[in-house]
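Data first, discussion second: the structure below is written as structure tokens.
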2 protein chains.
Amino acid sequence: MSNIREVARLSGVSVATVSRTLKDPRLVSPQTRERVLKAVEETGYRPNLLARNFSSGKSYAVVVLVPNVANPFFSKVIRGIEQAAQDQGYSVLLGDTQGKPEREHFYAGMALTSQADGLIQLDCRYPFAGKDAALAASVPMVNACERIADDASYPVVELDNRSAARAVARHLVALGHRRMGVITGPAASPIVRDRLAGFCEVLRESNLELDEALLVNGEFTLSSGARGAETLLSAKRPPSAIFCMNDEMAIGAIHQIKKKGLSVPEDISVVGFDNIEFASFTDPPLTTIDQPAEELGRRAMETLLQIIAGSQPQEKRTKLSYELVVRESSGQCRD
Amino acid sequence: MSNIREVARLSGVSVATVSRTLKDPRLVSPQTRERVLKAVEETGYRPNLLARNFSSGKSYAVVVLVPNVANPFFSKVIRGIEQAAQDQGYSVLLGDTQGKPEREHFYAGMALTSQADGLIQLDCRYPFAGKDAALAASVPMVNACERIADDASYPVVELDNRSAARAVARHLVALGHRRMGVITGPAASPIVRDRLAGFCEVLRESNLELDEALLVNGEFTLSSGARGAETLLSAKRPPSAIFCMNDEMAIGAIHQIKKKGLSVPEDISVVGFDNIEFASFTDPPLTTIDQPAEELGRRAMETLLQIIAGSQPQEKRTKLSYELVVRESSGQCRD
DNA sequence: AAAATAAATAATAACGATAACGGAGAGAGA
DNA sequence: TCTCTCTCCGTTATCGTTATTATTTATTTT
């Protein structure tokens, strides 16, 4: 691989001139410029960005901590992040944490060793630990989709989860449901709490209440949705509607309900959250909350880049709009 | 952020000694070691890896070109890649190409500017273009899942797609199907051709043939599967079984078939390919070919690392084993 | 105790690009 | 003609780390 010195030698100028030609051609006379560009062409020279980044002290890369890349919702968020990154000449280092703290520490550490200029956390844990935590104060970081519990110091790009869950509850109440089940996500997650709070608010407002026995923990996976539904169906008094906090669990739940010989929505209504592609291809198509996943990612990245650039982010807490998409998995209560 | 000089000053040794203490502690005396480590502790020093990489001329990163991160199959492959990468101290730069050549060029270019030490291509296009192509000869690259058309010079980690498709065909023939439809992937893809070849082989061996009218192009997406099924159903003589070259298209196809009032597998059998998580949660659960996605990724990364390390890869063409998973979307032909 | 050897540490030159600085030459104004 | 200004370009220090070479100190051998 040729370097700047070789190009300089070939075109008979100094390395500085080559550097200038490539970074700001106006600083170089047309004749020289041409000579240099010809040499660049001949050698196929491409500036060594590792060296450039080292020289500038920046990596032009950001780390994204994803609990699970295989989750279609996160995939879409990542796509948005990447697009915004590429637009500004940044690259994305993918950190699939699998929800494990030690993997989070590992990837977050990259921001402390100049391998990344900042990070986006899609989970709810503070990713630094031990001595790293002290040094991490100055690391640009933003939360997206989730929120770090007990820490309001980082910008967050999220949905108005509480309102969205309220919309789900209103929808179900309007359909006449009185006895509802919920399959949540991990209990530690702030957005899970937001959604639950919003959902329960509406129930209370309608003089209903959530039976503790109909509140099941899930893990945002297909199989945990199926398990959750199983639990709810075998309750003494099963619910007539189930709110699942993501679409995968909802799909798992529908699967399980049908397996038991019941039908959706005739016997039980099911509502999801996220509106992943698969949601419109289930049988019946899933009623769910549409999250603008790509935009969430894009906005998170833009916010992060603002911080990296040294400016205060325009808003500390970006809330994007959701939309209740009513399909066929929710219907009138038959009880 | 503190640097090695500061640690050296604080512990009263030279920078070289600090470097040695961290890279190979046996080279320094226990007392010195302790002094240095104490200074490291105090300052919270972490070596600047950007500088280290620059110094060593390697980035310890690889680029992965993915046609679509939101595809669950690729997500699993990526997870495998990442795991193998992390095991060996490498990081993964994600390049979501969206199948666009210019995005492939962009990301592939990172290997020419020392931003990456190699790349994994999950699509079937040669990712370098123009002058880059000449320089790219020495760039470590491996293909996974797909194969670059007309180029056998790069190692490939793939399934025995031909045999897998043969297994699908045998399964359908054994169920009595005589008239079959196929929803393929992009026509340019070598693996699509492999699968089609294998499928047709078995038909011929059974004295059947594939009606050209029942061969539809898809794009590996849910909606293209639905469109494909629509086309097949409105053929003059519709098929009694459809082979979809991935699960998403199969799920789209089932959706469309049911929408038309037909049932799977009673009226039409559907077989997919990949065995993504969703495949066991469809109604009916999908008969499909299980691809060891994570292992494909892991093996690809391991092969790439071998090449980066300078050794010839153990095998130029790694073929992993598949498994036909028979669920309920395929059944006896009723015609 | 002197010499030979081994161990530990210091000094310094890379790595490739950039930025700060300064010098040379051309053209303008006095 | 002299100076001033401006354009263009070369020289060199710099970034943080590691590898190489050189030097000092400690240990062993005679």
Side-chain angles (χ1 to χ4, degrees), chain A residues 1-40 43-61 89 109-117 135, chain B residues 1-40 43-61 89 109-117 135:
Chain A
M1 206 106 73
S2 49
N3 59 20
I4 199 171
R5 250 188 298 277
E6 197 181 327
V7 176
R9 197 177 45 71
L10 217 88
S11 46
V13 300
S14 72
V15 294
T17 302
V18 176
S19 178
R20 271 189 292 258
T21 307
L22 297 174
K23 284 214 95 179
D24 189 353
R26 292 168 312 165
L27 296 174
V28 174
S29 75
Q31 306 96 297
T32 312
R33 200 186 305 159
E34 205 179 328
R35 275 219 314 281
V36 172
L37 291 177
K38 186 158 153 284
V40 167
T43 55
Y45 169 71
R46 297 275 296 260
N48 182 325
L49 294 188
L50 201 52
R52 175 183 288 179
N53 291 349
F54 164 62
S55 181
S56 72
K58 296 180 62 179
S59 64
Y60 294 97
M110 298 177 103
L112 296 173
T113 57
S114 294
Q115 294 198 105
D117 297 342
L135 303 163
Chain B
M1 207 106 73
S2 50
N3 59 21
I4 200 172
R5 250 189 298 279
E6 197 181 325
V7 176
R9 197 176 44 71
L10 217 88
S11 47
V13 300
S14 72
V15 293
T17 302
V18 176
S19 178
R20 271 189 297 259
T21 307
L22 297 174
K23 284 214 95 180
D24 190 353
R26 294 168 312 167
L27 295 176
V28 301
S29 72
Q31 306 96 297
T32 312
R33 198 187 307 159
E34 203 179 331
R35 275 219 315 280
V36 171
L37 291 177
K38 187 158 151 284
V40 167
T43 55
Y45 168 72
R46 297 276 295 262
N48 181 325
L49 294 189
L50 202 51
R52 173 183 292 178
N53 292 348
F54 164 62
S55 179
S56 72
K58 297 180 62 179
S59 65
Y60 293 97
M110 298 177 103
L112 297 174
T113 56
S114 295
Q115 292 197 104
D117 297 340
L135 303 163

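We name chains A, B, ... by the order of the sequence lines, and we start the count at 1 in each one.
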What is the minimum heavy-atom distance between [X] and [Y], and which atoms define it?
X	Y	answer
A/S11	A/V18	OG-CG2, 4.5 Å
B/N53	B/K58	CB-O, 2.9 Å
B/A51	A/F54	CB-CE1, 3.4 Å
B/S14	B/A8	C-CB, 3.8 Å

Write down the distance between [atom1] ([X]) and [atom2] ([N]), rounded to a whole number of angstrom.
X	N	atom1	atom2	value
A/Q115	D/dT17	CD	P	12 Å
A/I4	D/dC9	CD1	P	14 Å
A/N48	C/dG16	CG	P	7 Å
B/Y60	D/dT17	OH	C1'	12 Å
A/Y45	C/dG16	OH	C1'	7 Å
A/R35	D/dC8	CZ	P	14 Å
A/R5	C/dC15	CZ	P	6 Å
B/Q31	D/dA26	CD	C1'	12 Å

Pair B/L10-B/T43, side chain to side chain contact (heavy atoms under 4.5 Å, CB included): steps then yes or no: CA-CA 9 Å; B/L10 217 88; B/T43 55; 4.3 Å; yes
Results of ring-ring contact (aromatic ring centres under 6.0 Å, His included) for B/Y45 - residues two or more places apart only: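 Result, ring-ring contact (aromatic ring centres under 6.0 Å, His included) vs B/Y45: none returned.
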Contact list for DNA chain D against residues 15-30 of chain B - heavy-atom distance below 4.0 Å: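 Those residues are B/A16, B/S19, B/K23.
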Close approaches to DNA chain D from residues 50-58 of chain B, in residue order (heavy atom, under 4.0 Å):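 Nucleic-acid contacts, sorted: B/A51, B/R52, B/F54, B/S55.
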Main-chain N/O of B/Q115 paired with B/S59 side-chain donor or acceptor, under 3.5 Å: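 Yes; judged by distance alone, with no hydrogens or angles, the pair exists.
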Sidechain-backbone polar pair: A/S19 side chain, A/V15 backbone, donor-acceptor under 3.5 Å: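 Flag not set: sc A/S19 to bb A/V15 has no pair under 3.5 Å.
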Within-4.5 Å side-chain heavy-atom neighbours: A/T32 and A/V13: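 Side-chain contact under 4.5 Å: yes.
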Under 4.0 angstrom between B/N3 side-chain N/O and D/dG16 OP1 or OP2: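 For D/dG16, OP1/OP2 do have a side-chain N/O of B/N3 under 4.0 Å.
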For A/L37, side chain to side chain contact (heavy atoms under 4.5 Å, CB included) partners two or more places apart: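 Side chain to side chain contact (heavy atoms under 4.5 Å, CB included) check on A/L37 returns A/T21, A/L22, A/R33.
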Qualifying salt bridge (Lys or Arg N to Asp or Glu O under 4.0 Å) pairs, either residue in residues 2-14 of chain A, two or more places apart: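 Non-adjacent pairs meeting salt bridge (Lys or Arg N to Asp or Glu O under 4.0 Å): zero.
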Helix axis bend for the helix from C/dA1-D/dT30 to C/dA30-D/dT1 - C1'-based end axes, five pairs, 10° rounding: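 Taking the rotation axis at each end, their angle is 50°.
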Out of C/dC15, C/dA10, D/dG16, whichever nucleotide has its closest atom nearest the side chain of B/S14: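 For B/S14, the side-chain atoms sit closest to C/dA10.
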